[in-house]
Amino acid sequence: MNPVFALTRRAAVLALFAAPLFSQAADFPAKPIRFIVPYTPGGTTDLVARTVGQKVSEKLGQPVLIDNRGGAGGNIGMDAVAKAAPDGYTIGFGAISTNALNPHIYKSMAFDPRKDFTAISLLGTSTIVLEVPAASPIKSVADLIAAAKKTPGMPYATAGAGTSMNLAGVMFAQMTGTELTHVAYKGSGPAITDMLGNNIGLMFDNLPASLPHIQAGKLRALAVAGPTRSPSLPEVPTIAEAGLKGYALEPWFGVYGPANLPAPIVKALNEAFVEALAQPDVKAKLAQAGFSPRGSSAQELATLTQTEYQRLGEVAKKAGMTAE
């Protein structure tokens with residue numbers, strides 16, 4: 001066969017198969033978009049997804065339907081994203097845990113965050129707060145370290161195994177030379193309920209879930225885990241400021257689609273999310289809840305995912321972190 005003819009025919013076949021994808025991308029979006037949030041309703045991720053999703057819907061002219069699929073530290077929901085058709089109609093709310101930490105601590109993972117997703121945009125960062133019940137005799141981080149050294153195995157609550165809050169507790173124990181026992185709840189809500197009932201005396205939580213109880217005087221914030229103070233709690237020091245120099249953990253969140261998402265669709269989604277996150281009313285609402293919204297390029301999120309995967313793998317290995 002004439003090699004020129006063979007190459008021409010191959011190009012024609014490839015073009016034939018690619019045509020539907022280009023057509024879909026050109027028409028995108030032509031129907032509602034499913035935005036999978038891999039956590040239960042009522043938490044930080046749910047608030048952000050619904051707030052930003054509404055603006056994205058207005059920008060794209062199609063509904064953005066929030067689909068809460070909690071379980072396995074977010075792995076169940078993100079696995080559904082990884083296995084969805086790469087057409088832009090199923091996207092997911094990934095996080096530092098699902099896309100960087102979980103592969104290092106779960107014995108079995110159904111997806112590889114480095115290969116099975118297309119990065120779309122950062123959503124922003126949250127604040128982790130270290131807190132105790134209002135009636136607790138522990139008034140500061142120094143008090144907590146002293147108490148933990150006197151009582152090895154002191155329990156602390158989080159919203160689940162493998163979460164960034166779990167990581168915050170592991171880092172705290174490593175850096176203070178104390179022994180803490182992790183008590184994993186199925187979400188912030190049940191853990192906060194036990195805190196309010198004085199059934200457990202210490203918690204690392206995402207600030208948006210705990211903030212109303214802190215403001216009401218029912219929980220006492222000892223410190224925040226990030227590199228800077230939270231605008232929502234300006235009087236509360238960072239853990240580093242409170243004496244644990246070098247401590248900093250700031251959970252990040254981003255939007256991901258399945259692998260091999262066409263570039264035009266990535267561009268359309270990225271522009272919609274970046275624009276939504278920049279809206280003054282969105283920024284004000286999320287900042288009030290303790291979340292710092294920030295969009296990014298798709299490449300920035302892809303790079304962050306890769307570097308954080310490596311960094312957190314080292315932390316998890318050193319701590320012997322595991323989850324079922």
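We're numbering straight along the sequence, starting at 1.
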Student: With sequence neighbours left out, write down each residue that passes side-chain hydrogen bond (donor to acceptor under 3.5 Å, both in side chains) with Thr125, or none if nothing qualifies.
Tutor: none

Student: Under the rule for side chain to side chain contact (heavy atoms under 4.5 Å, CB included), what residues qualify as partners of Asp112, not counting sequence neighbours?
Tutor: Arg114, Lys115, Asp116

Student: Between Phe35 and Phe273, does the ring centroid distance fall short of 6.0 Å?
Tutor: yes

Student: Salt bridge (charged side-chain N to carboxylate O under 4.0 Å, His left out): which pairs involve residues 197-224, sequence neighbours left out?
Tutor: none

Student: Under 3.5 Å, sequence neighbours excluded: what are the donor-acceptor pairs made by side chains of residues 90-103?
Tutor:
{"from": "Thr90", "atom 1": "OG1", "to": "Arg34", "atom 2": "NH2", "distance (Å)": "3.2"}
{"from": "Ser97", "atom 1": "OG", "to": "Tyr39", "atom 2": "OH", "distance (Å)": "2.9"}
{"from": "Thr98", "atom 1": "OG1", "to": "Ala95", "atom 2": "N", "distance (Å)": "2.9"}
{"from": "Thr98", "atom 1": "OG1", "to": "Ala95", "atom 2": "O", "distance (Å)": "3.4"}
{"from": "Asn102", "atom 1": "ND2", "to": "Gly73", "atom 2": "O", "distance (Å)": "3.0"}
{"from": "Asn102", "atom 1": "ND2", "to": "Asn75", "atom 2": "OD1", "distance (Å)": "2.8"}

Student: Is it true that a side-chain atom of Thr238 and a backbone atom of Val224 form a donor plus acceptor pair closer than 3.5 Å?
Tutor: no

Student: With heavy-atom distances below 4.5 Å as the criterion, would you say the side chains of Leu207 and Ser232 are in contact?
Tutor: yes

Student: Enumerate the residue pairs fulfilling salt bridge (charged side-chain N to carboxylate O under 4.0 Å, His left out) with a member in residues 305-320, sequence neighbours excluded, ordered by first and then second residue.
Tutor: Glu308-Arg311

Student: Other than Tyr309, what residues sit in its cluster of Ile, Leu, Val, Met, Phe, Trp and Tyr side chains whose heavy atoms are under 4.5 Å apart, directly or through others?
Tutor: none

Student: Mind checking side chain to side chain contact (heavy atoms under 4.5 Å, CB included) for Lys149 and listing every partner two or more places apart, or none if nothing turns up?
Tutor: Ile145, Thr178

Student: Under the rule for side-chain hydrogen bond (donor to acceptor under 3.5 Å, both in side chains), what residues qualify as partners of Asp79, not counting sequence neighbours?
Tutor: Lys83

Student: Any side-chain heavy-atom pair from His182 and Tyr156 closer than 4.5 angstrom?
Tutor: yes

Student: Could you walk me through whether Gln310 and Gln306 pass the side-chain hydrogen bond (donor to acceptor under 3.5 Å, both in side chains) check?
Tutor: CA-CA 7 Å; Gln310 294 298 127; Gln306 296 288 342; over 6 Å; no

Student: Do any side-chain atoms of residues 279-292 form donor-acceptor pairs under 3.5 angstrom with protein atoms, and if so which ones, sequence neighbours left out?
Tutor:
{"from": "Gln279", "atom 1": "NE2", "to": "Glu275", "atom 2": "O", "distance (Å)": "3.4"}
{"from": "Asp281", "atom 1": "OD2", "to": "Lys55", "atom 2": "NZ", "distance (Å)": "2.8"}

Student: Would a 4.5 Å heavy-atom cut-off, applied to side chains only, mark Tyr89 and Leu65 as touching?
Tutor: no

Student: Taking only residues at least two apart or on different chains, which pairs with a member in residues 118-136 satisfy salt bridge (charged side-chain N to carboxylate O under 4.0 Å, His left out)?
Tutor: none

Student: Applying salt bridge (charged side-chain N to carboxylate O under 4.0 Å, His left out) as the test, list every pair that has at least one member in residues 188-201; sequence neighbours left out.
Tutor: none

Student: With sequence neighbours excluded, what pairs up with Glu271 under the side-chain hydrogen bond (donor to acceptor under 3.5 Å, both in side chains) test?
Tutor: Lys267

